[in-house]
Amino acid sequence: MAIMEKNDSNVVMDGLTSEGFQVTRMASTGGFLKSGNTTLIIGVEDNQTNKVINIISKYSSKRQTVLENNNSIFPGAISSAPFTVTTGGAIIFVLNVDRFEKV
């Protein structure tokens, strides 16, 4: 399972499906910036896990984003000066599945 910015999800899915992996996409929302994310679910055999991780890493890029602090991100903050945060990339969870059926 991988969570990434929705802007990265199409190219990640294209990279995965071009290598023959099946992917399920779900819309999700991040907690800190409350921005649109995508959660991908990819079921693979253990020996394919690293290949999937490499594809996700290749196509989900980290980047610097400048945000205006309008006190909605940090309520009560003294300064309203813009600040930079790192966004993008992916959070990947590798989970063992006891049973999988495709019906």
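All of these numbers come straight from a predicted model, not from anything done at the bench.
Atom CD1 in Ile3 sits 4.5 Å away from atom CZ in Phe93 (nearest 0.5 Å).
Here Val103 is tied to no hydrophobic group at all, with no ILVMFWY side chain closer than 4.5 Å.
With sequence neighbours excluded, the residues satisfying side-chain contact (heavy atoms from CB on, under 4.5 Å) with Ser60 are Asp8, Val12, Ile56, Ala90. Residues passing the side chain to side chain donor-acceptor pair (under 3.5 Å) test with Asn7: none are found, sequence neighbours excluded. Under the rule for a side chain to side chain donor-acceptor pair (under 3.5 Å), the partners of Thr39 that lie at least two apart in sequence or sit in another chain are Ser28. Every side-chain contact (heavy atoms from CB on, under 4.5 Å) that Lys51 has, sequence neighbours left out, goes to Glu19, Phe21, Ile55.
Among all heavy-atom pairs drawn from Arg25 and Ser9, the shortest one is NH1-OG, 3.4 Å. The minimum heavy-atom distance linking Met1 with Leu95 is given by the pair CE-CD1, 3.5 Å.
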Problem set entry | Check against side chain to side chain contact (heavy atoms under 4.5 Å, CB included), Val94 and Ile53 | CA-CA 9 Å; Val94 178; Ile53 291 171; 4.1 Å; yes
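A single hydrophobic cluster is seen to contain both Val11 and Val52, as judged by linkage of ILVMFWY side chains at heavy-atom distances under 4.5 Å, directly or through other members.
Contacts classified as salt bridge (charged side-chain N to carboxylate O under 4.0 Å, His left out) and involving residues 94-103 (residues at least two apart or in different chains) are given here: Arg99-Glu101.
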List the atom pairs, with distances to 0.1 Å, where a side-chain N or O of residues 40-50 and a protein N or O form a donor-acceptor pair under 3.5 Å, not counting sequence neighbours.
unit_1	atom_1	unit_2	atom_2	d
Gln48	OE1	Glu45	N	3.3
Thr49	OG1	Asp46	O	3.1

